[in-house]
Amino acid sequence: PQPPPFPAAGDSRHSRLPDARLSRACQGGSRWRWACGMGSPSRKISGKKPRFTDPVHFNFNYDQHAHYIAHECTHPSSVSAVAVITAGLALLFLLFLLLTRLDDKLHIGLRYVPWLALLLVLGHIVKDLWFLSLWGTYKSSRRGLDLVERQGFKIHRREQEDDLKKNLRIRFEGPPRVIVALSGNGGGGHEATQRGLRQLLEEIEFPCVFYDCPLAWMIDTNFANPMRNIFGITGEQLYNWGLRQGAFVAWFTSNFCHWGQFFGLNIDVYCAGLVGNLLGVDYGDVCGRMCARIWDYYEPDLILDFTQGTGNVVYSGLRRAGKLHIPVVKVVSDFEGRGAHRWIEDVRQYILCGTSKCRTEALDYGVPSHQVVQTSGMILRPGFYEADSQHSKASAGASRSERIQRMGLDPTVRTALVCWGGVGSSKVKDVGERIAKSRTRVNIIFLCGRNQDLLHSIKRHDWGDVRVLVMGFTQEVSMYMQLSDFLVCKPGPGICSEASVLHLPMIVEWSTFTLPQEVPVSRWVIERGLGLGFQSIHHITARVEQMCRLLGPDMTKVYGPNPFVGEGLEGIDRHPQANRALFEVPGILEHVLSTHDYTPKGPAKGAAPPKGAAAAGAWPGSNLGGKDEGKATPVKGRRRGSASKGRSSASKGRSASPARGKSPVRRGRSRE
């Protein structure tokens with residue numbers, strides 16, 4: 001589809017959006033209403049989906065993207081995946097031969113560099129992966145858990161939403177703000193975080209226009225991506241293919257995709273850009289130019305970045321579009337920000353994190369303290385803050401045993417929930433077989449995610465006298481967690497945080513080849529006493545029997561873990577069940593939109609410090625923000641900083657920028 005025509009320059013800003021009816025639909029009532037772009041319920045507005053089309057480099061086909069999300073993203077060709085990995089290993093072998101040939105000429109020991117790198121990798125695997133996982137799982141099995149009767153909800157969804165509607169003072173002037181959310185589909189954590197936040201913003205009628213921009217897919221499918229052009233597979237598909245395989249394949253492909261993305265984007269930005277500078281042409285930085293056209297098209301007031309490793313591309317596009325004044329809020333969905341995944345990439349970002357470890361990493365990287373906000377945990381979906389009986393009218397008034405019996409399970413035995421992420425791993429069936437061999441009979445609920453092959457395989461399997469319930473991809477994970485006695489899962493940041501909020505004990509994997517970004521989650525679950533750990537699949541049977549002994553024979557009582565006390569902990573580290581991060585984000589977004597300095601600034605200048613209570617460390621909705629001594633007067637109104645007629649903040653006299661004709665003083669030492 002071709003992009004819609006843009007109106008004349010004198011028209012209002014939102015009439016330049018893909019559908020002019022969008023602005024009229026938002027103007028109902030005394031406040032600006034919620035309007036959403038792709039994939040959201042249409043009960044609020046009746047406008048067309050916004051379309052971005054770049055006929056030169058990219059043709060955004062929404063039907064193709066919908067099919068990609070539904071099937072291709074999680075069901076790639078195994079032949080293509082193996083071909084990509086083989087090509088990568090072949091390149092490493094050619095590099096080894098090249099170093100050997102150079103060493104024959106120079107005699108400086110280059111031939112030993114690959115062997116030294118291999119020894120370092122093996123040492124890391126033995127010391128940091130195998131030994132620590134062995135010790136951690138052994139310690140958890142000997143120590144056990146401190147189980148108490150499962151508590152009710154400390155945080156209720158309706159109360160939090162009513163408080164937000166009542167106390168959230170919208171200080172925006174003019175039309176609703178445009179928020180562009182950058183999303184990816186590698187794994188299920190990014191998608192779940194974005195979906196939960198978008199659902200909450202819609203329910204509280206946050207005055208914004210929310211556009212979903214699948215940046216990761218657009219980068220992977222642009223014309224200059226050799227992996228897509230040669231092998232017909234994207235980086236997200238390769239990553240998800242690895243997750244569906246065994247532990248070692250998932251670990252290998254995770255590292256392979258991480259370093260491939262790192263080198264690919266940096267070669268595009270820096271090496272190709274250097275060639276262009278030598279030739280005197282604008283060459284390279286294909287993804288940055290694509291992002292610049294996206295920012296020119298949507299003209300966002302705020303960019304919510306749910307992806308990792310794309311920070312350089314985002315700011316390259318902002319620099320090319322002359323929009324470096326637009327704030328970028330990086331929503332970190334891992335426990336660490338500078339670990340296996342590079343979330344913290346630029347000091348101009350606002351970092352929205354859920355752990356004290358990630359906040360410390362952001363401050364050590366050089367991000368100003370007033371731009372680092374630690375919430376009380378990871379961002380979850382709203383459904384995890386309401387009872388399971390509220391999910392369906394059929395369950396209202398029924399007891400827990402009756403709801404379990406309606407699902408075809410035995411209410412007289414314990415129920416285990418097995419989940420291995422939204423993509424679904426083949427390990428789910430192996431784990432279920434090990435649980436079925438336990439001397440203590442239990443029910444098993446399988447959540448297979450988007451892996452349809454796994455779903456049919458489990459249904460065809462003969463489970464004997466063990467009652468099972470097999471489900472595919474579902475939005476009712478909270479209901480199944482509340483009906484289960486314990487959870488057997490991979491240590492994903494999202495699912496472990498969800499289980500801790502629902503006070504559900506866990507049995508998590510912590511092996512040598514656990515995904516690098518999930519190792520901190522395993523350590524958190526085991527050291528805080530939220531669950532048991534297993535290093536090998538052969539240990540699952542013993543851990544299930546131990547968990548059933550800890551839960552006791554009384555099926556009328558449901559137990560949850562009592563976290564062990566730790567020192568120097570904040571947020572989710574200290575109170576796992578008191579995670580209300582989802583309801584803290586709207587106040588944080590409002591604060592950024594209201595106090596951010598939208599005057600144009602150079603690439604080296606960061607965002608202006610917030611004023612008032614936020615400068616002293618009290619961010620709206622969170623008491624874990626940073627402290628900063630600087631003062632700044634926020635700019636009221638739109639403060640767009642764009643060059644359009646009659647809309648610049650300087651022309652309205654509301655800007656706090658220096659006088660016209662004077663350049664702002666850069667902070668820090670001059671590069672000259």
Side-chain angles (χ1 to χ4, degrees), residues 153-157 159-161 163-164 167-168 179 181 189-190 192-201 204 206 302 304-306 308 327-338 341 343-344 349-363 367-382 384-385 492-502 520-521 524 528 563 568-593 595 610 613-614 616-628:
F153 282 87
K154 292 186 176 180
I155 301 169
H156 298 273
R157 173 180 179 178
E159 295 179 0
Q160 295 293 326
E161 291 179 353
D163 290 342
L164 284 174
N167 300 325
L168 195 62
I179 297 179
H190 317 286
T193 301
Q194 180 182 350
R195 187 188 302 113
L197 180 57
R198 184 172 61 185
Q199 182 180 353
L200 176 67
L201 293 180
I204 67 173
F206 194 84
L302 185 141
L304 268 178
D305 192 357
F306 293 89
Q308 58 86 24
V328 179
V329 179
K330 176 74 76 171
V331 182
V332 182
S333 56
D334 285 337
F335 274 31
E336 293 183 354
R338 293 288 298 175
H341 287 171
W343 293 91
I344 306 168
Q349 293 173 322
Y350 286 87
I351 305 298
L352 193 60
C353 54
T355 63
S356 57
K357 172 68 173 177
C358 184
R359 180 176 182 270
T360 302
E361 290 175 341
L363 296 176
V367 181
S369 58
H370 63 269
Q371 294 174 210
V372 182
V373 188
Q374 181 187 345
T375 59
S376 58
M378 311 305 292
I379 300 175
L380 311 179
R381 294 192 295 273
F384 288 92
Y385 297 95
I495 190 170
C496 291
S497 300
E498 294 163 357
S500 64
V501 167
L502 298 177
V521 187
W524 171 71
R528 294 307 315 280
L569 303 175
E570 300 179 15
I572 191 174
D573 308 323
R574 176 175 294 179
H575 305 292
Q577 196 179 359
N579 177 7
R580 55 181 300 271
L582 174 66
F583 306 104
E584 297 168 357
V585 175
I588 296 172
L589 296 182
E590 181 209 14
H591 186 81
V592 172
L593 288 167
T595 62
W619 278 80
S622 174
N623 58 354
L624 300 171
K627 297 182 180 181
D628 197 278

Taking C-beta and beyond as the side chain, do [X] and [Y] meet within less than 4.5 Å on heavy atoms?
X      : Y      : answer
Gln349 : Gln371 : no
Leu197 : Leu304 : yes
Pro586 : Ile204 : yes
Leu200 : Glu161 : yes
Tyr385 : Val501 : yes

For [X] and [Y], work out which heavy atoms get closest and say how close.
X      : Y      : answer
Asp334 : Pro493 : OD1-CG, 3.6 Å
Gly377 : Ala581 : O-CB, 3.2 Å
Ile155 : Phe583 : CG2-CE1, 4.2 Å
Trp343 : Lys330 : O-CE, 3.2 Å
Gly492 : Val521 : O-CG1, 3.9 Å

Original post:
If you measure only the distance, is there a donor-acceptor pair under 3.5 Å linking the side chains of Ser376 and Glu584?
Top reply: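 Distance-only check passes for Ser376 and Glu584.
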
At what distance, to the nearest 0.5 angstrom, does [atom1] of [X] lie from [atom2] of [Y]?
X      : Y      : atom1 : atom2 : value
Leu380 : Glu498 : CG    : CD    : 5.5 Å
Arg580 : Glu159 : CZ    : CD    : 11.5 Å
Thr193 : Arg198 : OG1   : CZ    : 12.5 Å

**OP:** Give the intermediate values and the outcome of side-chain contact (heavy atoms from CB on, under 4.5 Å) for residues Phe206 and Leu589.
**Re:** CA-CA 10 Å; Phe206 194 84; Leu589 296 182; 4.3 Å; yes

Look at the side chain of [X] and the backbone N and O of [Y], then say whether any donor-acceptor pair between them is shorter than 3.5 Å.
X      : Y      : value
Gln577 : Ser500 : no
Asn579 : Met378 : yes
Glu361 : Gly337 : yes
Arg157 : Phe384 : no
Thr375 : Cys353 : yes

**OP:** May I have the step-by-step check of side-chain contact (heavy atoms from CB on, under 4.5 Å) for Ser356 and Phe335, ending in yes or no?
**Re:** CA-CA 9 Å; Ser356 57; Phe335 274 31; over 6 Å; no

Subject >> Non-neighbouring partners of Gln199 that pass side chain to side chain donor-acceptor pair (under 3.5 Å), sequence neighbours left out >> reply: Glu203

**OP:** Check step by step if side-chain contact (heavy atoms from CB on, under 4.5 Å) holds for Tyr350 and Val373.
**Re:** CA-CA 8 Å; Tyr350 286 87; Val373 188; 5.6 Å; no

**OP:** Verify side-chain contact (heavy atoms from CB on, under 4.5 Å) between Ser333 and Ile379, making sure each step is shown before the conclusion.
**Re:** CA-CA 8 Å; Ser333 56; Ile379 300 175; over 6 Å; no

**OP:** Determine the sole option in Val585, Val332, Asp305 for which the side chain to side chain contact (heavy atoms under 4.5 Å, CB included) test with Leu352 is passed.
**Re:** Val585

